[in-house]
Number of protein chains: 2
Amino acid sequence: MGEHRPERPTRRTRAKASTPAADEPEDGTGRADGSGVSTHRTGGARPRQTGGTGPQQAGGTGPQPAGGAAGAHVTLQDVARRAEVSLATASRVLNGTTQVRADLKERVLAAASELAYAPNAHAQALARASSQSIGLICHDVSDPYFAAIARGVTRAAAEHGLLVMLASTFRDPAREVDYIAMLRAQRARAILLVGSGFEDRAWERSMGAELDPYVRAGGRVAVLSRHRSLRVDTVQPENREGAAALARTLLGLGHRDFAVLTGPRTLTTVVDRLGGFRDALAEAGVSLSDDQVVEESFTRDGGYAAATELIRRGLRATCVFALTDVMAIGALSAFRYHGVDVPGQVSLAGFDDIPIVRDLVPPLTTVALPLEEMGERVMNLALRDPARRSRVERIPGEVVLRATTAAPRRPT
Amino acid sequence: MGEHRPERPTRRTRAKASTPAADEPEDGTGRADGSGVSTHRTGGARPRQTGGTGPQQAGGTGPQPAGGAAGAHVTLQDVARRAEVSLATASRVLNGTTQVRADLKERVLAAASELAYAPNAHAQALARASSQSIGLICHDVSDPYFAAIARGVTRAAAEHGLLVMLASTFRDPAREVDYIAMLRAQRARAILLVGSGFEDRAWERSMGAELDPYVRAGGRVAVLSRHRSLRVDTVQPENREGAAALARTLLGLGHRDFAVLTGPRTLTTVVDRLGGFRDALAEAGVSLSDDQVVEESFTRDGGYAAATELIRRGLRATCVFALTDVMAIGALSAFRYHGVDVPGQVSLAGFDDIPIVRDLVPPLTTVALPLEEMGERVMNLALRDPARRSRVERIPGEVVLRATTAAPRRPT
DNA sequence: CTGAAAGCGCTTACAG
DNA sequence: CTGAAAGCGCTTACAG
């Protein structure tokens, strides 16, 4: 310990010239100071320019922290050498694939620990032709809806020893395609597409161009909330039925005049929830006039803006349905800001039942979806035997009446 | 197209025996049905058992979707062959590293597109000795605090073309160590540790055992909200100062009797915020009695439970400080449930300014932190020139007075 | 500008 | 049970 590790030699000569095991630190864990990370570039030590493009060497003449050059990873070869066994044997004990003589096993384990060996996952992925990670693509992790689902996904992934690569598209279709390409390059074991897709031919085609070869090569894809055009394992919340059930409940409360705060109609979820709601109203002979449907972005601010616009147009409805809880949160604040009492003057309902809506004042009426569980399900669906035919798991929504809804003041 | 691709041969013979270029589909994108993903296992086609451990071949005699065997990724070699150039040339045009004759370049590009080639990121990482991903470790993605930070991180990572591998520890120290090991194996370009660390010797040692060799080998680590024991690039919210400023503001409102709702004292953030608050009170000659400090988990439910416990003990304070907004949300609901008016009977303040607190009723007084920006900063810090000495970016918190705080009824 | 070949760090038949 | 060696799919000096 405390020895300089030589500058990483060029690739050609590396294997032969690398530091003999004897120069390695004696113990990767039992360091005297016990303080955790102590390796730190010393103050004034500017890296020496080595010329060319080779790796730089940390210079300096003062007290030198252990390890000098950057990029010098311990390899299996190093471990094998120190344990005085073959590469194959070292690999075997570390993977527990075959029985290995007890003493050799012990030596390998000791060497690995002493050198603080960490296998190179890329090399393993290459040799095994399979990786330990999955990809999760959603619109925005910071949206409580996706955050809850992501929680379920990461939890399920952890149980399988998988790492999740997270991508937020910020609702940009092009970015989604890019991410799929990256995940494909990573040879992710599975790609999870979470959230509404876009109703767009060109986009569907580019998606297919990426996804198609991916599944053909053995990749698994599973989606959540996205049924059109993708014949893959699916977790499908019953948006249409949920919205319809909500409509009937609201009708039952006595409402006849409705307004809807919606997101972009290019999103399948919008189409389904709006359609289900409208159809259920129609069955009761109630129609939804177009100027009572306000379209904004699928965000809290979108909900705020939509509610404000609704007020501007003249709030004729006694009940407002925001297509997502997140929009409903914005709407509730807008109503409050404009002095519109909820549920005194208007009732308000959302969809999703994200955790926070219980803490709103008043607590929000909504259609509850088991978000975290849905996340676990997509993950598990993607990990099923690929030979089995694709499956759609339908998740029913449950109408939860809370305090933002009440009977209308004077039922029409 | 529509041709069977042969079962993937065993590794030994693969290179020579693989399908000649002529058998490849003509175009990866211009598929007739235009429907996106169409590759899908046909209904009744059970995979034939091929015996041994080799890859399975999708059997079936009916109409067969394009692509048969799983695991058959298109390689650079396939592209080179189809373009009738060398491997090296194909690599060069795809990477744009060197000038390549226009016609060859064109052929390579065409071949790559026709075969829907996706480079194997693992092979690239191995050959280049660098990967395209970073690791993000936090306590819980679904917590709005971490969700906001994660948003900043993923956004900044995207700008650098990096993928982020997300891990939630659910506040389990052991899990954190495990994730670092995995990220190290992935040769993540950087590891971001977000959120309070644990005040635990043994844990610090295991962390060091993983992190140490990682940075020694050139890995970058940056942390957010975690100063003890880690001498690495740091984004440090001024918890102590923020809490102190909040205390002074509250004092200025006339409060003299305080209570604090806190998380586990093993978290550094707890120590700092509680300490800063208490010290500022002390400077004003106000002391915080131990039975007015309630410890619970750092969650919404923890806040609810802590507030409830406070009420049970006899709510003597006129002002309650919840160490995080998330706890404050729970506390607010508990107060409401128990008929304690906020701010009429007690004032309540939080810390962090997560987006939702603006929509609470009443809106929460808190110490604002630029969460998303903090996420961007850790990411960028981790990407700096590794030769430069480590840096600590201090993020001041700003006291934001909203409606949960007021002057006490009868100032003592 | 282009190609043959070595090397990245593993795993795993194959042959003792 | 163990080791030598091929192969995974790339990149990149090196030598035309």
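All values below come from the heavy atoms of this structure, side chains included, with hydrogens, waters and symmetry mates left out. Chain letters run A, B, ... following the sequence lines, proteins first and then strands; every chain starts at 1.
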Checklist entry - Any Lys/Arg nitrogen of R388(A) or D385(A) sitting under 4.0 Å from an Asp/Glu carboxylate oxygen of the other? => result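 Result for this pair is no, no salt bridge flagged.
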Checklist entry - Are the charged groups of D178(B) and R175(B) less than 4.0 angstrom apart, N to O? => result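 Between R175(B) and D178(B) there is no salt bridge, as every charged N stays at least 4.0 Å from the carboxylate O atoms.
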Checklist entry - Looking only at atom C1', what distance separates dT12(C) and dG16(C), rounded to whole Å? => result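 Each nucleotide's C1' atom is 16 Å from the other's.
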For [N], does either OP1 or OP2 sit under 4.0 Å from a side-chain N or O belonging to [X]?
X	N	value
N95(A)	dT11(C)	yes
S86(B)	dT2(C)	no
T89(B)	dT2(C)	no
Q99(A)	dC1(D)	no
R101(A)	dC1(D)	no

Checklist entry - Side-chain donor-acceptor pair under 3.5 Å between R128(A) and N95(A), yes or no? => result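 Yes, side-chain donor-acceptor contact under 3.5 Å.
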Checklist entry - On DNA chain C, nearest-nucleotide positions of A123(B) versus R92(B): which is more 5'? => result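 Upstream on the strand: R92(B).
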Item to check | salt bridge (Lys or Arg N to Asp or Glu O under 4.0 Å) evaluation trace for D212(B) with R216(B) | outcome: CA-CA 6 Å; D212(B) 231 25; R216(B) 208 182 301 142; 3.5 Å; yes
Next on the checklist: My understanding is that a pair needs two contacts under 3.5 Å, Watson-Crick or G-U wobble. By that rule, which nucleotide pairs with dA4(D)?
Outcome noted: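 Base partner found: none.
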Checklist entry - Which base, if any, makes a Watson-Crick or G-U wobble pair with dA13(D), both distances under 3.5 Å? => result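 When the pairing criteria are applied, nothing turns out to pair with dA13(D), so the answer is none.
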Within this structure, what is the [atom1]-to-[atom2] distance between [X] and [N], rounded to whole angstrom?
X	N	atom1	atom2	value
L126(A)	dC10(C)	CG	C1'	8 Å
R187(A)	dG9(D)	CZ	C1'	9 Å
Q77(B)	dG3(C)	CD	C1'	12 Å
L76(B)	dT2(C)	CG	C1'	15 Å
H122(A)	dC8(C)	NE2	P	16 Å
N120(B)	dC10(C)	CG	P	16 Å
Q132(B)	dT11(D)	CD	P	11 Å
R107(A)	dC1(D)	CZ	P	16 Å

Checklist entry - Considering only dC10(C), dT11(D), dG3(C), which nucleotide approaches the side chain of S91(B) most closely? => result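 So the nucleotide nearest the side chain must be dT11(D).
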Checklist entry - Which nucleotide sits closest to the side chain of L87(B): dG9(C), dC10(D), dC10(C)? => result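 Selected nucleotide (nearest to the side chain): dC10(D).
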Checklist entry - For DNA chain D, whose closest nucleotide is more 5', that of A88(B) or that of D103(A)? => result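 Result: D103(A).
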Checklist entry - At what distance, to the nearest 0.5 angstrom, does CE of M379(B) lie from CG of D233(B)? => result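 Taking CE in M379(B) and CG in D233(B), the distance rounds to 11.0 Å.
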